[in-house]
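Reminder, nothing fancy here: chain letters follow the sequence lines and each chain counts from 1.
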Number of protein chains: 2
Amino acid sequence: MNVNLKKLAEMLGLSQTTVSRALNGFPEVNADTRQRVLRAVRETGYRPNRAAQRLATGRAGSIGLVMPIAQGIDSDIHFGEFLAGLGEESVRHDFHFVINPSAPEDEELTFKRLAASGNVDALFLAYVRENDPRIAMLKSLSVPFVVHGRTVDQPTDYPFLDIDNTGAFYEATRLLIQLGHRRIALINGQSHLTFAIRRRKGMIRALDENGLTFDESLSHNSLMTDEYGYRAMERFLANPEPPTAVLCSSTVMALGAVRAITRAGLTIGKDISLITHDDVLPMLKPENFMVPLTTTRSSLRAAGARIANRLISRIGMASDAVEQELWRTELIVRASTGPAPSR
Amino acid sequence: MNVNLKKLAEMLGLSQTTVSRALNGFPEVNADTRQRVLRAVRETGYRPNRAAQRLATGRAGSIGLVMPIAQGIDSDIHFGEFLAGLGEESVRHDFHFVINPSAPEDEELTFKRLAASGNVDALFLAYVRENDPRIAMLKSLSVPFVVHGRTVDQPTDYPFLDIDNTGAFYEATRLLIQLGHRRIALINGQSHLTFAIRRRKGMIRALDENGLTFDESLSHNSLMTDEYGYRAMERFLANPEPPTAVLCSSTVMALGAVRAITRAGLTIGKDISLITHDDVLPMLKPENFMVPLTTTRSSLRAAGARIANRLISRIGMASDAVEQELWRTELIVRASTGPAPSR
DNA sequence: GCATCCTCCCAAAGCGCTTTGATATTCCGC
DNA sequence: GCGGAATATCAAAGCGCTTTGGGAGGATGC
């Protein structure tokens, strides 16, 4: 049958206390005793009952995630990839995930509930919006949290992990300008999300510095699916003055954009240049496109893993240090970018 | 601060027993009392402590999953998609997931441990191999389980959910033959996995019925990534007698195959026909390919959800009924299939 | 030699829930 | 009006762990 602490202690002729301490690395246990305990554990295959542990410690052993159910985000591949990283790391530390689907209007309440319920040791927030009210709320709660992304035009006095979206698209745009491009389109994520805002900002900055202006008719915002990518590109190409280059916020959108370009009989890297942000989705590699894509790269999965790590290490630490990380992206040049065609 | 059962009971002037029963739908509670309790719950925002519940009931409230860490399966998009379904459904029922990464050689031990630890109420098995020893082991354990897929050439006296892989590829092949194709290639998953075995079998059956034979030189087995799809197709096209049609086991592989075909200057649906199995990956829709793909379709995510459901409902039921489900796939004809080119 | 300090271990309380076994109270048939 | 259900409630035990508050015994200091 199953061994529990009590039986294990009996077998060893020790008290539960000592066994428990031996297992949890307390210093006041004799080294020999500890070895004996560890051997017994190995022999019996004893595994502590998590529920009992959680109950006794008051630590839920899980990190909470409020998942928006609106707008098909749940089936968003980017979110899934991020979760994979978060999950992988949580599993490694034997943490659970408590995912709470919630309609956007109930989100704050859901967070509050989660935090109060004690079912959760840490919270995590993604899909940051402009001036996101949820952040103030998280700060008021007494639960550690980490934000993926960060607000814009607002003090960022909270723990976050973000990538340098502005920088990424600034660099990308600059490269295109250096190659002689003057009309550059942007296929972006939803306009209320801060990463989209920053990418646009980065692009505008580069344009400004070179005396160019951002053309609203060459800009698209939506969920990042290949269908929207296709339609956006199709629209751009129908423009009286079509772009000679395009920036995509996701490889998924690029998939659609490439299709539209090819269908129009144009050649990528020659007639039109394309740079996409690459979240390093395992199944959609920009280097495998017919014309390998130039990208700004940053692994979404790695971000998830890192956040899980920080969340877990913060638990119980009560440290006041506000850790903030801003990851740089890499600009990787492949065949999809080339000099602007001369008219 | 946080309300717990005790406080709630005090507030209501009831015993913990009664409150607990009222909440868990026991019949011996007065309807009025129950209403009072429910109102108090709403007002105080009381949420039961899961850990305590689990400890008291002995139900872990979680389903276990032994995840192979070998061969990059963890980053396999198909697995992720399946998990998404499983996860969605688990969350709905407030169940946890306990994912245990494990090297293949330790898998059986890991299962045993998981089952014995009591940290898990149900187990689930995927990536069934030919004559999979893990199934016998699961049967010997006293934990409910459901298998995704099923063994081949072996009694299937255990609960499973599978799709009709044989039928899917039989129908697909038959369609190609009716269109006049004689040389048909197969880009398949790893050869030890039963779904791959069955698909091949289905294809062979259709060929046999029409006096054709399966050509090993037009067959490929590997992990299902777009890179392998590309390479396999490239190899087939270099064949002295190249195929006029190809079957793919995944849209992801089809992505690579399409690239190889296009690069070779051939037109899909005309020079070469292609049918792929479609797991309904949210970001890779066969209808969005440049030439929309003919597919055999069955949602992987739906399968995950269904399995979670069955697992959860089996828990505590101790029913002996061995539920088995075999889902038919749909053959959806699009533009990637056409009559065989005349030589 | 006695007070003091470690070192190593223990008994028992407690985490918040469910469940068992009783106990009141009311209702029914005859 | 009485025995026996049926109804509605409760007190207390227990789930398996961690943690508090000691306490025995040997080493150390003076």
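- Rounded to whole angstrom, the span from the CD atom of B:Glu10 across to the C1' atom of D:dC10 amounts to 14 Å.
- Atom CG in A:Leu12 sits roughly 10 Å away from atom P in C:dC10 (whole-Å rounding).
- B:Thr151 is linked by a side chain to side chain donor-acceptor pair (under 3.5 Å) to B:Gln154, B:Tyr158, counting only residues two or more places apart in sequence or in another chain.
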- Footprint string (nucleotides 16-21 of chain D, 5' to 3'): B base within contact, S backbone only, - free, heavy atoms under 4.0 Å: BBBBBB
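- Residues A:Val19 and A:Leu14 share a closest heavy-atom pair of CG2-CB, 4.1 Å.
- Following rounding to the nearest Å, B:Asn30 (CG) and C:dT25 (P) show an atom-to-atom distance of 16 Å.
- In this structure, A:Asp32 places its CG atom 9 Å from P of C:dC8, rounding to the nearest Å.
- Screening A:Val128, A:Leu86, A:Leu300 for a side chain to side chain contact (heavy atoms under 4.5 Å, CB included) involving A:His148 leaves a single residue, A:Leu300.
- Ring geometry for B:Tyr127 versus B:Phe79: interplanar angle of 30 to 60°, hence tilted.
- For C:dC9, the OP1/OP2 oxygens have a side-chain nitrogen or oxygen of A:Thr33 closer than 4.0 Å.
- Checked against ring-ring contact (aromatic ring centres under 6.0 Å, His included), B:Phe145 has no partners two or more places apart in sequence or in another chain.
- Few gaps surround NZ on A:Lys139; more than 12 heavy atoms of other groups in view lie less than 6.0 Å from it.
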